[in-house]
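Worksheet: the structure to be examined is printed underneath.
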Amino acid sequence: DAGITQSPRHKVTETGTPVTLRCHQTENHRYMYWYRQDPGHGLRLIHYSYGVKDTDKGEVSDGYSVSRSKTEDFLLTLESATSSQTSVYFCAISGGRLNYGYTFGSGTRLTVV
Amino acid sequence: AQTVTQSQPEMSVQEAETVTLSCTYDTSENNYYLFWYKQPPSRQMILVIRQEAYKQQNATENRFSVNFQKAAKSFSLKISDSQLGDTAMYFCAFPPNSGGSNYKLTFGKGTLLTVNP
């Protein structure tokens, strides 16, 4: 979507390998988020960032780490991918206060085999 | 803890008819926003409508409207004159903590709506 891009769009990886997903925004928004979407669970927050180098855990953070060295980039890393991390991952951005909710990226479908 | 509940995992409606998707939530806040998002088969998440909790008037966006019952903590989405393109997963969302720096949304599990010709 305009202003936020995720890469890659699809990825297949093997169990035990590290994986990094990238989220890039051009809106200069302060807040960035990583969610995973699974059938029957909706969207669940993994990690979020409220500024450069300021991050915090969400409800399903185990097995994931994040980094934000620049306002525009928010990286999600699976240190050692497991089959339970097969999911669709969404990045989202917000200017704060959530008056207008989030703007979402187009998602990354990750398959761990 | 789950703070947003969508009790209808799946629904279907005939084209041109009206359908209502339900959502309930739990909060102790008084001033907040509520949102409905649509996810068509393309996977893109699209904001459909938002409601400000301190406004009594229900939000409307073309064929989409909400029935907001603040005391009951209910936020349902009504789709009028359903179209085939409305077939999608619909998510209700709201920020459980609107104060401080906790600017994050909690989502319901979703309702899969199918519009039949």
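Below, chains carry the letters A, B, ... as their sequence lines are ordered, and counting in each starts from 1.
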Problem set entry | Verify same cluster id: B:Ile79, B:Leu84 (apolar side-chain graph, 4.5 Å) | yes
Exercise. Is there a side-chain contact between B:Met45 and A:Tyr102, using heavy atoms and a 4.5 Å cut-off?
Worked result: no
For this session: Below 4.5 Å from any heavy atom of chain B, which atoms of A:Leu45 appear? Answer side chain, backbone, both or neither.
Result: side chain
For this session: Report the distance from atom CD of A:Gln37 to atom CD of B:Gln39, rounding to the nearest 0.5 Å.
Result: 4.0 Å
Exercise. Given a strict heavy-atom distance threshold of 4.5 Å, which part of B:Arg43 is in contact with chain A: side chain, backbone, both, or neither?
Worked result: both
Seminar exercise, completed: Closest non-hydrogen atoms of B:Gln44 and A:Phe104, given as atom of the first, atom of the second and distance, are NE2-O, 3.3 Å
For this session: Examine B:Tyr103 together with A:Tyr48 and report whether their ring centres are nearer than 6.0 Å.
Result: no
Problem set entry | Shared hydrophobic cluster for A:Leu75 and A:Ile93 (ILVMFWY, side-chain gaps under 4.5 Å) | no
Seminar exercise, completed: So CG of B:Leu105 and OH of A:Tyr31: to nearest 0.5 Å the spacing works out to 12.5 Å
Exercise. Rounded to the nearest 0.5 Å, what separation is found between the CZ atom of A:Arg44 and the OG1 atom of B:Thr106?
Worked result: 12.5 Å
Problem set entry | Flag if over 12 foreign heavy atoms under 6.0 Å of NZ, B:Lys70 | yes
